[in-house]
Asker: 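Provided herewith is a single structure, encoded as structure tokens, for subsequent inquiry.
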Amino acid sequence: MEAKTERYRRIRGAILKLLAYQHPGTIDFKVLHFLLDDLRYTISEEECSSHVHYLAGKGLLTKDERKSSGVEIVMVSITPKGLDLLDGFIEEPGVDVRF
Amino acid sequence: MVHSDMKGKSFIAENRELAFRKYCECGGNVELTLRELEKEGLKLSKKTFYEWMKKFNFEERRAKIDTERQKVNDSQISFEEKMLSDLLKQKEKYETYFDSINLIDNQAQFAYANIIKTIIDLSRKMKPKEKEIKDPAEMKRLADEILENEYGIKR
């Protein structure tokens, strides 16, 4: 597997692990982006958004958006399916949770 | 073997560069530059200095150096500083959101508490050598108090 795709898998795994730590609570998207950098996964917001969108599409996390008074906030939380993946009950080829 | 006239030209060029360097260090202040040059053993008249300034583009060169220096400084603003700035803006967004809604949004409150915690952690990381006003245990107690009293969140 290419190094780039391997990196994508690990970043997605890191996202789920960060969310699992806060379960059942949510993390603001910008905090998630910062925490990934803290784990030495320095990526752009666009890339982070792309990974979150992917994981949401797979049902591994939920992305909640709130809009009011001209402000928009985006919160992310892990789903039961995402927890199952981290616990090894299911497999998902696009996500690496083995670290 | 160095010819004496070449030696003289090299000496003038060196003095000129010294003058330019001091001019930059003194922030473009001619009076201060001349005083500093005198300390270095180079006594110049204002007239001569202004002639050199005009002939060898001191002002333009200094402006270019300042621009380059600013670019380097800007790129050195750390990721943490930018992140802290973004997080503080995000905190304000949440506060605006909370002010605008008529119900309790638990998920948003949880995310907001996380932002506060991240801001505190990041601020501490950015200033490790500064003496803290309160010790970490006291800070944690205050943060817990705020979360419980303001947002009903118990750790």
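Within every chain, numbering begins at 1; the chains are lettered A, B, ... in the order of the sequence lines, protein sequences first and strands thereafter.
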Asker: To the nearest 0.5 Å, what is the distance between CG on Asn114(B) and CG on Leu18(A)?
Answerer: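 Going from the CG atom of Asn114(B) to the CG atom of Leu18(A) covers 10.5 Å.
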Asker: With the 4.5 Å side-chain cut-off for hydrophobic clustering, are Leu32(A) and Leu16(A) part of the same group?
Answerer: yes
Asker: Nearest 0.5 Å, what's the NZ-CG distance between Lys91(B) and Asp28(A)?
Answerer: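 Reported to 0.5 Å precision, the distance equals 13.0 Å.
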Asker: Quick check on Glu65(A): does its CD atom have over 12 non-hydrogen neighbours (other residues, nucleotides or ligands) under 6.0 Å away?
Answerer: yes
Asker: Which bit of Gln90(B) comes within less than 4.5 Å of chain A, counting heavy atoms only: side chain, backbone, both or neither?
Answerer: side chain
Asker: Same cluster or not: are Tyr21(A) and Leu86(A) linked, directly or through other Ile, Leu, Val, Met, Phe, Trp or Tyr residues, by side-chain heavy atoms under 4.5 angstrom apart?
Answerer: no
Asker: Would you give the length of the straight line joining atom NZ of Lys30(A) to atom NZ of Lys89(B), rounded to the nearest 0.5 angstrom?
Answerer: 8.5 Å
Asker: Minimum heavy-atom separation for Ala108(B) and Met75(A), please, with both atom names.
Answerer: CA-SD, 3.3 Å
Asker: How far apart are the closest heavy atoms of Val74(A) and Tyr94(B), and which atoms are they?
Answerer: O-OH, 4.1 Å
Asker: Please tell me whether Leu32(B) and Leu44(B) are part of a single hydrophobic cluster in this structure, the criterion being side-chain heavy atoms less than 4.5 Å apart.
Answerer: no
Asker: Where on Gln22(A) is there a heavy atom nearer than 4.5 Å to chain B: the side chain, the backbone, both, or neither?
Answerer: both
Asker: Just give me the residue among Asp38(A), Asp37(A), Thr26(A), Val31(A) that pairs up with chain B most often, heavy atom to heavy atom, under 4.5 Å.
Answerer: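 Ranked by contacts with chain B, first place is Thr26(A).
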Asker: Would you kindly confirm whether Ile43(A) and Tyr8(A) end up in one hydrophobic cluster when ILVMFWY residues are joined by side chain heavy atoms under 4.5 Å apart?
Answerer: no
Asker: Report the distance from atom CZ of Phe34(A) to atom CG of Leu87(B), rounding to the nearest 0.5 Å.
Answerer: 7.0 Å
Asker: Relative to chain A, which segment of Asp121(B) carries a heavy atom at a distance below 4.5 Å: side chain, backbone, both, or neither?
Answerer: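 Contact with chain A involves no heavy atom of Asp121(B) at all.
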Asker: What part of Ile115(B) is in contact with chain A, defined as an atom under 4.5 angstrom from a non-hydrogen atom: side chain, backbone, both or neither?
Answerer: both
Asker: Can you name the closest pair of heavy atoms from Ser68(A) and Tyr97(B) and give their distance?
Answerer: CB-CD1, 3.6 Å
